[in-house]
Amino acid sequence: MTVRTRFAPSPTGFLHIGGARTALFNQLFARRHGGVFLLRIEDTDKARSTQPAVDQILESLAWLGLSPDEPPVFQSTREARHAEVARELLAQGKAYRAYETPEELVAMRERAMAEKRPPRYEGVWRDREPGREQEGQPFAIRLRAPREGETAVEDLVQGTVRVASTELDDMIILRSDGTPTYLHAVVVDDHDMAITHVIRGDDHLTNTFRQCMVYDAMGWHRPRFAHIPLIHGADGAKLSKRHGAVSVLDLREQGMLPEAVCNYLLRLGWGHGDEEIISRKRAQEIFDIADVGRAASRMDYAKLGHVNGVYLRAADPETLLPEVLHRLTVSGEGFGTEKIAKLKLLLPALQERAKNLAELADSAAFVVAEGAPELDAKAAAVLTPEAKGRLEDLAQFLSGAPWERADLEQWLRDYADVKQVKLKDIAQPLRVALTGSTMSPPIDLTLYALGRDEALARMLAAAGDDLPPPT
RNA sequence: GUCCCCAUCGUCUAGAGGCCUAGGACACCAGCCUUUCACGUUGGCAGCACGGGUUCGAAUCCCGUUGGGGACACCA
């Protein structure tokens, strides 16, 4: 039997890091076993589901390389089928009509809570036939739960988990308006989609028992379950859309690389010896659901940043260029081929120094800037009157240099020798003049990439700037 | 409140009774490399929640305590 897994988000908000990891594990598990990874949009809550959320989820998954292998299934399109199953259960006597109104149920629940009893449905209609009074009245369909014994689930991550039947009550599978409830719809859909492995957050663990009742009542085979621990925020509480969760698209905006995000997520709650940097291909070979830990883990942005840096440094500059250009041109128009050529020269050195695309673009801004770059505070402090004088002198000196990287380095060293100063004392003012910052790629490369005219012009501009450094 | 789950450095983890004087990674600190920054590199800081068992031997097995988390809807 082919393995079939699915990711089933509800489109009530953005896809966050927790959902992304669930999708990742589902895809990895499917790939590992030569199976299929599917997506089901659980949009039965019409009040909260939105099209923008659907689009956002799809886009997030696509960015992460987690698009499903088949077109997504929309749960809302399957309501007739859900109702059909509910009616079948009713016909078989495995479910029954319940006539309480929602208001009455709320009252019952509140009474139970007040009396410190667990809020369970008291089962008034479980064994009562509707009388004349009920004719034409709306009713919900409830599943007849076993009253004795226990239900056990062999979870691939959590091990055997059992719960006594007394903890379960007769849940509603079809509302009085004819729409299915979540717990029911999920089972019907998973069955119809021939899902073999349900891999989801362990906040669903207790739901599983109720879902098993539907499988059992219909005589369907239960899929294997794997409940993976939740990801917590820095405060240790569950990550959710309204609590500390960062959306996947925000990570993209912050300049994270999708492969890096997946690598980080994979290592959160799962390990394989001492391996830290694991490619998608490698992950598909070694991922074992049994290796998933059982404790919740916390999101650590510092580590994500580090992993992202590793991937950024290893990235092909060609693929990074469009990303950088895009970030640099958000506010302006396109750049000429000359500037792009300069950028290409510097990019490999720049990407070694950045942790994410946002930093990379920032650090590259000086290359495409018009004229002299703006100085930050530290940089301004470097430009002492003495340094300015030397810059002017150096500009003159370098104007005769062959504009090749190796030559430029040699000329700078020669200049330092002649002037009896350390190379550093020349390099820093020069760096500031060229880039506006005290940090940059090697100075000889920067000089070379900028080109003779631009470099000399910037040096002269910095030398002629008489403004006193900020205090 | 009831039920369920969990518990190794600050964080992510390795660890399936002796290989553990508990390993790796991030973060942090110090040194080295160096034209800046980063990378790299060397070293350091730091942990088996607690208490009982079982065993010749426990981070590993059992029980309890404590602490954390999750679930208890005509939401998903």
Task: Salt-bridge criterion met for A:Glu79 and A:Lys46 (N-O under 4.0 Å) - done: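 Between A:Lys46 and A:Glu79 there is a salt bridge, with a charged N closer than 4.0 Å to a carboxylate O.
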TODO: Taking only Lys NZ, Arg NE, NH1 and NH2, and the carboxylate oxygens of Asp or Glu, determine whether A:Arg40 and A:Asp190 approach each other closer than 4.0 Å.
DONE: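 Salt bridge: yes.
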Scan [X] against the nucleic acid and name what it touches under 4.0 Å (heavy atoms): base, sugar-phosphate only, or nothing.
X: A:Ser297; value: sugar-phosphate
X: A:Glu42; value: sugar-phosphate
X: A:Leu205; value: sugar-phosphate
X: A:His272; value: nothing
X: A:Leu268; value: sugar-phosphate
X: A:Asn207; value: base
X: A:Arg431; value: base
X: A:Glu100; value: base
X: A:Leu430; value: nothing
X: A:Pro9; value: nothing
X: A:Arg40; value: nothing

TODO: Determine the interatomic distance between C1' on B:G1 and the same-named atom on B:U60; round to the nearest Å.
DONE: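 The answer is 35 Å between these two C1' atoms.
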Ignoring hydrogens and angles, answer whether the base of [N] and the side-chain atoms of [X] contain a donor-acceptor pair closer than 3.5 Å.
X: A:Asp202; N: B:G70; answer: no
X: A:Glu276; N: B:G24; answer: yes
X: A:Arg294; N: B:C5; answer: no
X: A:Arg413; N: B:U35; answer: no

Task: Residue-phosphate contact under 4.0 Å: A:Thr44 side-chain N/O, B:A76 OP1/OP2 - done: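 Looking at the OP1 and OP2 atoms of B:A76, one of them is under 4.0 Å from a side-chain N or O of A:Thr44.
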Open item on the list: Is there a side-chain contact between A:Arg142 and the phosphate of B:C74, meaning an N or O under 4.0 Å from OP1 or OP2?
Closed with: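 Yes, within the criterion.
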Open item on the list: Measuring from the side chain of A:Met439 (C-beta onward, heavy atoms only), which nucleotide among B:C4, B:U36, B:G69 has the closest atom?
Closed with: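 Of all the options, the side chain of A:Met439 is nearest to B:U36.
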Open item on the list: By nearest atom, which of the nucleotides B:U35, B:C5, B:C37 is closest to the A:Asp444 side chain?
Closed with: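 The answer is B:U35, which lies nearest to the side chain.
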Open item on the list: I need the A:Arg390 CZ to A:Leu383 CG distance, nearest 0.5 Å.
Closed with: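 The CZ atom of A:Arg390 sits 12.5 Å away from the CG atom of A:Leu383.
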